[in-house]
Amino acid sequence: MILTCIMQRVFRTNIPAIHNWFVTTGMAGMALLTIYTPAHGQATTIPNFEGVWKIAKPSNSLEASTPVVLTAEGRKALAENKRLRSQHKYDDYDITISRCSSPGVPRLMLTPMRFRIWQRLGVVTFDFEWNRALRQIDMRGRPTEPLLAPQMTGQTTGRWEGDALVAETVDVSDRTLIDDIMPHSSDMRVTERIRLVDADTLEDRITIDDPVYYAKPWGGVVTYTRQPATPFFPEHVCLDRRDTAARAMRGK
């Protein structure tokens, strides 16, 4: 009897949250997702990206769809990275390989392993199989303050524009790389337009805007394919695979 009364109270006071839970967990295969937004007092229909995904064409590099024009500082930084790589001094320029540190944004989106997308109230979460990495996009639409210090994955805010999730990332530590070689400054802004091409294909259009290292914005397109649903990923610890530099970001 006591338990029944408690459950009745929970359902009466948390109907929007419970409704959202049932919709997002029970209808992940649907193309659209219904989210209750208390700030507006109504339900909003948005694209549903939930599920397990994997990059369609694994690549260590972000293949540019527009010309990459470096500034003098950018050419200097890239030349130094190439010099260090030729000498296998990864700890001096790529701490993802040498220390299994977070790849940062956008490099994390190039991981050859699977990731899961969750859409919940006010946040879109990318749960990566690689090293149990996590990335979150703040969808609340609230003003944000600059971070006291840049972080590996920076600070990402997002909004919906039609069928696309537009994510903007700033405050990314310059100790990360754009891919396996291309440098960036702490002033970099990464803009992504993520959308469903079809029910089993996800597209991420990435634009790099970093006036310190690049004379004009550039970017590329990364495509992912839907994978079979699974309740969990097996444990993956990057440090356990760090016997060669090539394995730090290599898939199974």
Side-chain angles (χ1 to χ4, degrees), residues 17 20-21 23-25 27-28 30-40 43-55 62 102-111 113-173 176 178-179 184 186-197 201-210 217 219-224 226-227 233:
N20 177 67
W21 185 88
V23 171
T24 55
T25 57
M27 303 178 69
M30 301 290 285
L32 298 175
L33 188 69
T34 300
I35 296 291
Y36 183 86
T37 52
H40 299 91
T44 301
T45 301
I46 60 175
N48 183 6
F49 298 162
E50 289 204 340
V52 178
W53 301 91
K54 188 175 183 179
I55 194 168
L62 176 60
S102 170
V105 175
R107 191 180 183 186
L108 192 53
M109 300 304 294
L110 298 177
T111 174
M113 303 181 74
R114 298 171 296 175
F115 62 89
R116 179 183 288 105
I117 296 179
W118 303 96
Q119 290 174 238
R120 296 297 184 265
L121 292 176
V123 63
V124 174
T125 299
F126 290 72
D127 178 12
F128 292 87
E129 184 175 12
W130 183 88
N131 210 30
R132 298 287 178 88
L134 195 69
R135 180 190 181 196
Q136 293 186 308
I137 300 176
D138 186 349
M139 304 292 294
R140 296 174 298 173
R142 300 177 182 176
T144 58
E145 295 292 333
L147 299 176
L148 294 177
Q151 297 179 354
M152 306 307 282
T153 54
Q155 181 174 218
T156 305
T157 56
R159 64 186 183 277
W160 293 103
E161 289 187 0
D163 65 349
L165 190 166
V166 180
E168 296 188 352
T169 304
V170 295
D171 295 328
V172 181
S173 171
T176 66
I178 291 173
D179 49 24
H184 69 84
S186 57
D187 292 333
M188 177 182 68
R189 174 180 292 271
V190 180
T191 302
E192 298 166 88
R193 295 187 65 89
I194 306 170
R195 70 181 187 92
L196 284 169
V197 176
T201 308
L202 189 70
E203 176 187 87
D204 187 2
R205 291 186 172 271
I206 301 170
T207 300
I208 308 296
D209 188 356
D210 183 357
V221 181
V222 184
T223 302
Y224 311 92
R226 190 181 294 277
Q227 303 297 301
F233 292 146

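One-based numbering along the sequence shown. Just so we're clear, the structure is a prediction, and the values are computed from it rather than from any experiment.
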message: Treating D171 as the side-chain partner and P146 as the backbone partner, does any N or O pair qualify as donor plus acceptor under 3.5 Å?
response: no
message: Any side-chain to backbone donor/acceptor pair from Y224 onto M109? Under 3.5 Å, distance only.
response: yes
- line: Between the CG atom in L121 and the CZ atom in R140, the distance rounded to the nearest 0.5 Å is 11.5 Å
field: Atom pair CE/OG1 of M139 and T125 - distance to nearest 0.5 Å
entry: 11.0 Å
message: Looking at R159 and E192, is there a salt bridge between them, counting it only when a charged N and a carboxylate O are closer than 4.0 Å?
response: no
query: Would you say R135 and F128 make side-chain contact, with heavy atoms under 4.5 Å?
result: yes
task: Would you indicate whether the side-chain heavy atoms of W53 and R226 approach each other to under 4.5 Å?
output: yes
- prompt: Which is it for E161 and R193 under the side chain to side chain contact (heavy atoms under 4.5 Å, CB included) test, yes or no, and what are the steps along the way?
  reply: CA-CA 9 Å; E161 289 187 0; R193 295 187 65 89; 2.9 Å; yes
- line: Scanning both residues in full, the closest heavy-atom pair of V172 with P150 reads C-CB, 3.9 Å
- prompt: With sequence neighbours left out, what residues match R132 under salt bridge (Lys or Arg N to Asp or Glu O under 4.0 Å)?
  reply: none
- line: For E50 and Q119 the tightest heavy-atom approach is OE2-N, 2.7 Å
- prompt: Is any side-chain heavy atom of V166 closer than 4.5 Å to a side-chain heavy atom of W160?
  reply: no
- request: Enter the distance from N131:CG to T111:OG1 here, rounded to the nearest 0.5 Å.
  value: 9.5 Å
query: What closest approach, in Å, do I117 and L202 show between heavy atoms, and which atom pair accounts for it?
result: CD1-CD2, 3.7 Å
Side chain to side chain contact (heavy atoms under 4.5 Å, CB included) between I206 and V190, intermediate numbers included: CA-CA 7 Å; I206 301 170; V190 180; 4.0 Å; yes
- prompt: Are E129 and K54 ion-paired here, with the side-chain N under 4.0 Å from a carboxylate O?
  reply: no
message: Using 0.5 Å steps for rounding, measure from the CE atom of M152 to the CZ atom of R107.
response: 10.0 Å
field: Contacts of D163 that satisfy salt bridge (Lys or Arg N to Asp or Glu O under 4.0 Å) - sequence neighbours left out
entry: none
field: Value rounded to 0.5 Å, distance of CZ in R195 from CG in D204
entry: 11.5 Å
- request: Mind listing the closest non-hydrogen atom pair of P106 and I178 along with its distance?
  value: CG-O, 3.8 Å
- prompt: Looking at T156, I46, I137, which one forms a side chain to side chain contact (heavy atoms under 4.5 Å, CB included) with V124?
  reply: I137
message: If I take atom CH2 from residue W130 and atom CG from residue L108, how far apart are they, to the nearest 0.5 angstrom?
response: 7.5 Å
query: Step by step, would you call I55 with V222 a side chain to side chain contact (heavy atoms under 4.5 Å, CB included)?
result: CA-CA 7 Å; I55 194 168; V222 184; 3.5 Å; yes
Residues that D127 engages under salt bridge (Lys or Arg N to Asp or Glu O under 4.0 Å), provided they are two or more places apart: R116
query: Backbone N or O of D210 within a donor-acceptor pair of the H184 side chain at under 3.5 Å?
result: no
message: side chain to side chain contact (heavy atoms under 4.5 Å, CB included), that's the test. Do T169 and T191 meet it? Break it down for me.
response: CA-CA 6 Å; T169 304; T191 302; over 6 Å; no
query: Should we say atom CZ of R205 is surrounded by more than 12 heavy atoms from elsewhere, each under 6.0 Å from it?
result: no
- prompt: Shortest non-hydrogen contact from P103 to T176?
  reply: O-CB, 3.6 Å
